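Let me begin by presenting the structure, written as structure tokens, before commenting on it.
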Amino acid sequence: MSDHKEQVDDNNASTTHFGYKTVDTTEKESKVAGVFHSVAQQYDIMNDLMSFGIHRLWKRFTIDASGVRPGNKVLDLAGGTGDLTAKFSKLVGREGRVVLADINSSMLNVGRDKLRDRGLVQNIEYVQANAEYLPFEDNTFDIITIAFGLRNVTNKARALRSMYRVLKPGGRLLVLEFSKPEHEIINKAYDFYSFSILPKMGELVAKDGDSYQYLAESIRMHPDQETLKSMMEEAGFEQTSYKNLTDGIVALHKGFKF
């Protein structure tokens, strides 16, 4: 594993990381936006290729852990091309509501078009939103998910507080994100794949090796399992826990608001 470590967010920090590069805090949002504008059209294809389709199992596990029920109001934050939204839409039913929110307009447009093509229109709304400053009233949602999005947020601590604010008492947050493998042999193989194979795959399929180099670096800079659990607790979440998936390559963190 790389020696690079995530710095726990500092509200007053003037610099942050963009992959392994240090950039001005005010620049990161636009740089991340550039990555996702670039990859949006090929995002679903690349997800299947990069994870050998396993991302579908990770997302299904997240849905199962959500405890979603008919009539619930769900926020799929950094929801991108809408994989979780599509499943939640069917599970919450006519009385429920799913908000697909993403900071990136290109990703949001791809998600909206995909879900409308599937005929999923009745209980879904689309909101372009920054996770650090969610444009919703306090105590709005029964469930919030953020899948493979938190590591791209400039100030993760602020975003977690924002999620806590808009979650209803009794509600739960689920953070599905790349994390730190548990075993060194997996670690080494994962590093080789991420930095030798993934950018080449991005160049070949999405015509953009640099963006996939950034995505690999951003995974290494993300807080490890215990650090993220602590950050959730500092934001106010209780009964926090995490489950390692695929040897910790991905982890699902869960926390409740009481």
Side-chain angles (χ1 to χ4, degrees), residues 1-6 16-23 27-62 78-84 102-111 113-114 146-154 156 175-225 228 244-252:
M1 186 57 59
S2 164
D3 290 334
H4 290 271
K5 298 291 183 187
E6 166 76 10
T16 187
H17 53 80
F18 175 73
Y20 289 167
K21 300 183 183 74
T22 299
V23 298
E27 291 178 38
K28 179 168 178 175
E29 192 176 307
S30 64
K31 286 182 176 292
V32 171
V35 168
F36 284 94
H37 285 311
S38 174
V39 304
Q41 291 299 326
Q42 302 296 330
Y43 189 77
D44 284 339
I45 293 168
M46 282 297 295
N47 270 355
D48 279 331
L49 287 172
M50 286 188 305
S51 72
F52 309 103
I54 299 171
H55 75 99
R56 298 175 186 275
L57 299 178
W58 297 332
K59 289 169 181 171
R60 189 178 304 159
F61 186 86
T62 302
T81 57
D83 285 349
L84 289 176
D102 202 292
I103 195 171
N104 189 277
S105 58
S106 297
M107 294 290 285
L108 205 55
N109 289 337
V110 169
D113 291 346
K114 184 171 86 174
I146 180 165
F148 306 115
L150 186 61
R151 73 181 189 280
N152 298 307
V153 174
T154 303
K156 297 169 187 62
V175 181
L176 182 67
E177 188 55 270
F178 292 107
S179 202
K180 303 294 184 280
E182 297 175 274
H183 296 98
E184 191 55 33
I185 191 164
I186 299 293
N187 213 358
K188 284 187 164 60
Y190 184 45
D191 271 351
F192 174 78
Y193 172 74
S194 297
F195 293 105
S196 299
I197 308 293
L198 191 57
K200 289 186 175 67
M201 199 185 292
E203 183 62 45
L204 197 66
V205 178
K207 306 293 185 283
D208 187 354
D210 288 347
S211 288
Y212 284 92
Q213 177 75 25
Y214 158 73
L215 291 172
E217 291 177 4
S218 71
I219 291 167
R220 298 315 187 279
M221 298 299 288
H222 187 66
D224 65 19
Q225 288 91 326
L228 180 54
N244 283 325
L245 308 174
T246 318
D247 198 65
I249 287 174
V250 165
L252 178 66

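Being a predicted model, the structure only gives us computed values, none of them experimental.
- Within the model, atoms CG of N104 and CG of N152 stand 10.0 Å from one another, a figure rounded to the nearest 0.5 Å.
- The side-chain contact (heavy atoms from CB on, under 4.5 Å) test applied to I219 returns R151, F178, Y190, not counting sequence neighbours.
- Taken from CD in E184 to CG in D191, the straight-line distance is 8.5 Å, to the nearest 0.5 Å.
- Annotation for S179 and P223: closest pair OG-O, 4.4 Å, computed over non-hydrogen atoms.
- Closest heavy-atom contact between T81 and V110: CG2-CG1, 3.5 Å.
- Annotation: the span from L245 atom CG to L57 atom CG amounts to 9.5 Å, rounded to 0.5 Å.
- Residues W58 and T246 are in side-chain contact: their nearest non-hydrogen atoms beyond the backbone lie under 4.5 Å apart.
- Applying the side-chain contact (heavy atoms from CB on, under 4.5 Å) rule to N244 yields the partners E182, Q225, Y242, A251; only residues at least two apart in sequence or on another chain are considered.
- When all heavy atoms are compared, the tightest approach of E177 to G149 is OE2-N, 3.3 Å.
- Here D247 pairs with H183 under the side chain to side chain donor-acceptor pair (under 3.5 Å) rule; sequence neighbours left out.
- Remark: Y193 engages M50, F52, I197, L198, M201 in a side-chain contact (heavy atoms from CB on, under 4.5 Å) (not counting sequence neighbours).
- Looking only at side-chain heavy atoms (C-beta outward), H222 and L228 come within less than 4.5 Å of each other.
- Annotation: salt bridge (charged side-chain N to carboxylate O under 4.0 Å, His left out) contacts of K114 (sequence neighbours excluded): D44, D83.
- Residues K156 and V153 share a closest heavy-atom pair of NZ-O, 3.2 Å.
- Scanning both residues, D102 and G79, for their nearest heavy atoms gives OD2-N, 3.6 Å.
- Summarising the geometry of R220 relative to A216, their closest heavy-atom pair is NH1-O, 3.3 Å, with the distance given to 0.1 Å.
- For residues 196-205, no residue pair satisfies the side chain to side chain donor-acceptor pair (under 3.5 Å) rule, not counting sequence neighbours.
- When the side chain to side chain donor-acceptor pair (under 3.5 Å) test is applied to D113, no partner is found at least two apart in sequence or on another chain.
- Not counting sequence neighbours, the partners of R56 by the side chain to side chain donor-acceptor pair (under 3.5 Å) test are D48.
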